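Numbering of ligands and ligand atoms starts at 1, following listing order. If you're wondering where the values come from, they're calculated on a predicted model, not measured in any experiment.
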Amino acid sequence: MKIIELGIIMNGVTGRMGTHQHLMRSIVEIIRQGGVPVGDDEVIMPVPVLVGRNISKLEKLREMSGVERITTDLEEVLADPFYTVYFDAQITGLREEAVKKAIAAGKHIYCEKPTATDTATAMELYRQCEEKGVKHGVVQDKLWLPGLRKLKRLTDTGFFGKILSVQGTFGYWVFEGFTVPPQRPSWNYRKEEGGGMIMDMLPHWRYVLDNIIGKVKSVSCLGATFIPERVDENGNRYKCTADDAAFATFLLEDGIIANINASWATRVRRDDLFVLQVDGTRGSAVAGLRECYTQHYGNTPKPVWNPDEDQPLNFYEGWSKVPAQEPYDNAFKIQWELFLKHVVKDEPFPWDLKEGARGVQLAEKGLESWEQRKWIDLPEL
Ligand SMILES: NC(=O)c1ccc[n+]([C@@H]2O[C@H](COP(=O)([O-])OP(=O)(O)OC[C@H]3O[C@@H](n4cnc5c(N)ncnc54)[C@H](O)[C@@H]3O)[C@@H](O)[C@H]2O)c1
């Protein structure tokens with residue numbers, strides 16, 4: 001068996017996404033399974049170096065992951081030719097500078113979304129990669145969630161007939177920190193550090209809608225900052241400068257209307273933290289993170305409006321759970337494996353930095369729509 005070692009600089013791995021999804025559940029799992037097989041007699045073996053600001057956090061990560069090399073000196077590893085891939089999961093506001101340095105050093109680029117906080121910068125990162133001739137990709141993990149993969153099978157096989165509309169709900173209560181400690185980092189609530197619901201979630205809605213339902217053409221979005229003050233990681237009060245909720249409507253190709261609301265100041269009474277309902281002429285489906293339920297035309301109940309009587313129908317009946325028709329691995333890990341095969345074997349990887357820029361564009365236009373209180377069209381990138 002031929003082992004192809006691939007040096008990967010992992011920056012921002014001390015964070016939530018970096019540690020759990022990218023390091024422990026993706027790269028470490030890939031190492032533990034013996035690499036990514038390519039053909040019958042070759043495997044790609046990732047060899048990561050963990051980069052961060054805090055050496056004691058990195059030491060803990062080394063112990064937890066078994067990854068040997070850690071450093072606080074990004075420049076040093078960028079100068080090391082063994083490492084050919086740069087991965088970035090830092091807070092969004094720091095991405096541009098680090099990614100540009102990595103491109104200049106000739107590294108292939110893989111990074112978290114949003115790739116930048118404005119479209120011009122996101123497109124510049126894409127162009128710089130193309131000019132330098134390095135490969136590039138953006139995390140679009142939701143595409144590999146079991147619930148959304150089941151949903152995509154339904155759209156691909158024409159289950160819905162003509163798709164009419166899509167309704168999504170995302171969110172849960174994020175504690176402010178005054179009594180119960182918060183479960184999300186404070187920068188998420190500061191616009192100047194790249195935070196905000198619109199900047200965080202509209203990039204996800206872009207690739208989910210584009211890939212599963214239809215291309216997004218226009219957006220109308222209303223943001224809100226419901227919780228004005230929170231408490232940060234050091235116990236200090238801070239002012240929330242970013243939106244913590246976003247109520248967005250999208251016009252898609254073929255006249256499909258999608259409405260997705262997102263809030264960190266809501267309480268959950270639905271199937272999952274994110275649910276997406278698709279209604280079509282022949283059937284409907286409701287997808288969560290892992291499950292997906294369908295109701296065909298033939299199973300559609302016929303309710304009659306009568307508030308003077310208790311509801312005789314149980315609306316949860318008449319839906320069927322889509323069975324697991326294939327194995328489902330961690331969504332981030334699946335995309336990592338595809339990216340590694342793209343780098344080493346030139347296999348297709350359509351989720352590139354231009355796709356990343358499309359996500360940023362939707363967030364930027366969403367913010368513009370909110371500011372100007374009007375519908376905004378999305379120019380082709
Ligand atoms: N794909 C997804 O579903 C998903 C989900 C959440 C977050 N994200 C993205 O991942 C990135 C990281 O988000 P996170 O939730 O892991 O954040 P986090 O706060 O948990 O981690 C941030 C990382 O950036 C580093 N960092 C460098 N300079 C910093 C500074 N000045 N302040 C704070 N941290 C600094 C931290 O050390 C840490 O490693 C963001 O770009 C975010 O948009 C993606």
Atoms of ligand 1 less than 4.0 Å from Asp141 heavy atoms? 1 (N), 2 (C), 3 (O)
Could you tell me the residue and atom name of the protein heavy atom closest to atom 12 (C) of ligand 1, and the distance to it rounded to 0.1 Å? Ala89 O, 3.3 Å
Can you say whether the rings of Phe349 and His342 are parallel (under 30°), tilted (30 to 60°) or perpendicular (over 60°)? parallel
Do Arg230's NZ or CZ and the ring of Tyr189 fall within the cation-pi criteria of under 6.0 Å and 45°? yes
The atoms of ligand 1 lying under 4.0 Å from a heavy atom of Thr14, numbered in the order shown, are 36 (C), 37 (O), 38 (C), 39 (O)
Using a strict threshold of under 4.0 Å (side-chain N to carboxylate O), is an ion pair present between Lys354 and Glu130? no
Is the count of non-hydrogen atoms from other residues, nucleotides or ligands lying under 6.0 Å from Lys152 atom NZ greater than 12? yes
Just which atoms of ligand 1 are under 4.0 Å from any heavy atom in Leu94? 27 (C), 28 (N), 29 (C)
Provide, to 0.1 Å, the distance between atom 10 (O) of ligand 1 and the closest protein heavy atom, together with that atom's residue and name. Glu112 CG, 3.4 Å
What protein heavy atom is closest to atom 22 (C) of ligand 1, reported as residue, atom name and distance in Å? Ile91 CG2, 3.6 Å
Exceeds 12 heavy-atom contacts within 6.0 angstrom, atom NZ of Lys191: no
Starting from atom 16 (O) of ligand 1, find the nearest protein heavy-atom neighbour and note its residue, name and distance. Met17 N, 2.9 Å
Residue Gln90 vicinity, atoms of ligand 1 by number, heavy atom under 4.0 Å: 11 (C), 12 (C), 23 (C), 24 (O), 27 (C), 40 (C), 41 (O)
Need the ligand 1 atom indices (1-based, order shown) with element for anything under 4.0 Å from a heavy-atom of Pro114. 43 (O)
For Asn261 and Phe247 the tightest heavy-atom approach is OD1-CA, 3.3 Å
With atoms numbered from 1 as shown, which atoms in ligand 1 lie under 4.0 angstrom from a non-hydrogen atom of His204? 1 (N), 2 (C), 3 (O)
Any N or O on Lys142 sitting closer than 3.5 Å to an N or O of ligand 1? yes
Distance to 0.1 Å, residue and atom name: give those for the protein heavy atom nearest to atom 19 (O) of ligand 1. Trp187 NE1, 2.8 Å
Name each donor-acceptor pair under 3.5 Å that joins a side chain in residues 301-308 to protein atoms two or more places apart or in another chain, with its distance.
residue: Asn306; atom: OD1; partner: Asp308; partner atom: N; Å: 3.1

Can you report which non-hydrogen protein atom sits closest to atom 25 (C) of ligand 1, along with the distance? Arg53 NH2, 4.2 Å
Between Tyr86 and His108, is the ring centre distance below 6.0 Å? no
Name the one of Trp351, Phe87, Phe332 that satisfies ring pair (Phe, Tyr, Trp, His ring centres under 6.0 Å) with Tyr110? Phe87
Less than 3.5 Å between some nitrogen or oxygen of Asn188 and one of ligand 1, yes or no? no
Could an N or O of ligand 1 be found under 3.5 Å from any N or O of Gly15, whether backbone or side chain? yes
Determine, for Lys217 against Asp210, whether the closest basic-nitrogen to carboxylate-oxygen distance falls under 4.0 angstrom. no
Going by atom types only, do Glu337 and Gln33 share a side-chain donor-acceptor pair under 3.5 Å? yes
Show the atoms of ligand 1 that are less than 4.0 angstrom away from any heavy atom in Gly12. 39 (O)
Residue and atom name of the nearest protein heavy atom (relative to atom 20 (O) of ligand 1), distance in Å to one decimal: Arg16 N, 2.8 Å
Distance from atom 41 (O) of ligand 1 to nearest protein heavy atom, with residue and atom: Arg95 NH2, 2.6 Å
